[in-house]
Every structure is written in C-alpha cells, then in structure tokens.
Amino acid sequence: MSHVYCPECGFQNPESANFCARCGAMLMRDEAGDQTMTFSPGELGDDASAAPEELGVKGPALVVRAGGGRVGETFMPGGERTLIGRSPECEIFLDDVTVSRKHAVLVRGDREFTIEDQGSLNGTFVNRTRIESARLEDGDEVQIGKYRLTFMNR
C-alpha cells in the first residue's frame, strides 16, 4: 500500500486521501519525476497465465509468465552477459518502476547460466528466494520487480 505524507505535519496518510487526517492540510502529490515502488514476491498472485511448456520455446530463454501485460514474451540472451533492467540500453528492457535501471545481469558460462543482482532496490528472486547470484536451471522462476519469468534451457 502506498502512502502520501503531509507537507505540514509529516503524517503518513493513505494514497487515496486528499487531506491530512491529523492536521487537515491539503495533500500535494508530486507527479513529476521517477517513482520507486517496493515490491515483494508475495504481492503477486499465483497467476501462471503462460505455461512455458505450451509456448514451444527452445532455450536458453526467459519467458514472461506474469506482470506488465507482457505474458508470453520471450527473451533470448545474446553474448556472455545480458543486462536486464528499466534502462532502454538493457538487452532485456522491462519498463516498470518496480525494476531498477540496471537490475540484474544474466551471465553465460561454459554450460550454465547464472543471474546476478546489480544492487537493485527490490532485489532479484530465483524460485521466490532473494539472491545476489544464483545458478539457473531449466524451469527456474526469476522475479524482477513485478515481472515473473521462467528460465528455459532445453
């Protein structure tokens, strides 16, 4: 749940409030600039709308299973390092405030892939566990911001 802080007394009010519950001052909302939201895996439903098996994808690939209206979209990592984030310069561009500009990097090894968090605010999760770095196996769930992706390496 988001909150709006009163400019007069600093009281934390619900986002839907127009006036401060403590002092009655009108609440201002700053519409300009980037906003950052904190997001955790439990806040997403278990909506696995796109079963990766049904997509016929041959890996290595990351397939969006939930989040951002991009269900079914597939990303094939290219090169040794594939940057994932909100910055348009990223190879895997996830345009949402829950994703850091340079959120994570997918690293190709000899016969394996690892994912490394790049100091993101909301963290990178593999199979619902927050990680700094983790080796990916076929079928692993990767969560970056509000996006749930399935790693496929078939």
Side-chain angles (χ1 to χ4, degrees), residues 1-5 10 12-17 27-154:
M1 173 189 242
S2 296
H3 301 286
V4 178
Y5 293 89
Q12 182 178 341
N13 292 279
E15 186 177 271
S16 60
L27 299 174
M28 302 289 177
R29 288 178 177 75
D30 183 19
E31 298 297 326
D34 271 348
Q35 294 181 345
T36 302
M37 295 171 48
T38 302
F39 214 102
S40 65
E43 293 179 46
L44 288 176
D46 283 329
D47 176 23
S49 301
E53 299 80 28
E54 297 172 7
L55 297 173
V57 174
K58 301 282 186 203
L62 281 170
V63 180
V64 179
R65 292 190 57 214
R70 298 174 69 177
V71 173
E73 194 168 339
T74 303
F75 300 99
M76 306 287 204
E80 291 181 22
R81 297 174 64 82
T82 303
L83 190 59
I84 305 167
R86 193 178 76 227
S87 171
E89 290 89 35
C90 293
E91 289 87 5
I92 299 179
F93 175 55
L94 301 174
D95 190 17
D96 188 78
V97 295
T98 61
V99 178
S100 295
R101 285 181 181 87
K102 293 182 180 174
H103 198 101
V105 65
L106 190 61
V107 181
R108 180 190 303 254
D110 291 333
R111 291 187 170 201
E112 63 184 35
F113 282 85
T114 58
I115 190 162
E116 299 171 359
D117 187 75
Q118 299 294 292
S120 66
L121 178 67
N122 290 323
T124 301
F125 295 80
V126 174
N127 298 324
R128 298 186 181 220
T129 302
R130 189 170 185 158
I131 57 97
E132 291 298 317
S133 178
R135 184 169 161 242
L136 293 175
E137 301 286 340
D138 184 49
D140 280 348
E141 178 186 87
V142 176
Q143 183 173 335
I144 295 176
K146 71 177 184 180
Y147 294 93
R148 277 195 194 165
L149 306 106
T150 298
F151 178 73
M152 303 192 59
N153 196 13
R154 298 179 183 179

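For reference, positions follow the sequence shown, starting with 1. Bear in mind that the values here come from a model prediction, so they are computed numbers and not experimental data.
- Residues satisfying the salt bridge (charged side-chain N to carboxylate O under 4.0 Å, His left out) criterion with E112, sequence neighbours excluded, are R135.
- In this structure, R148 and R128 have side chains that are in contact, with non-hydrogen atoms separated by less than 4.5 Å.
- Across R108 and G79, no two heavy atoms sit closer than the pair NE-O, 3.3 Å.
- The nearest pair of heavy atoms linking N153 to D138 is N-OD1, 2.9 Å.
- L83 and A104 get closest at one heavy-atom pair: CD1-O, 3.5 Å.
- F151 meets the ring-ring contact (aromatic ring centres under 6.0 Å, His included) test with F113; sequence neighbours excluded.
- Pairs of residues two or more places apart, or lying in two chains, that qualify as salt bridge (charged side-chain N to carboxylate O under 4.0 Å, His left out) and include a residue from residues 69-84 are R70-E73.
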Q | Trace of the side-chain contact (heavy atoms from CB on, under 4.5 Å) decision for D95 with R86 | A | CA-CA 5 Å; D95 190 17; R86 193 178 76 227; 4.0 Å; yes

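- When every heavy atom of R101 is checked against every heavy atom of C90, the shortest pair comes out as O-SG, 3.3 Å.
- V64 and G67 get closest at one heavy-atom pair: CG1-O, 4.0 Å.
- Taking every heavy atom of both residues into account, F125 and N122 meet most closely at CE1-O, 3.3 Å.
- Few gaps surround CD on Q12; more than 12 heavy atoms of other groups in view lie less than 6.0 Å from it.
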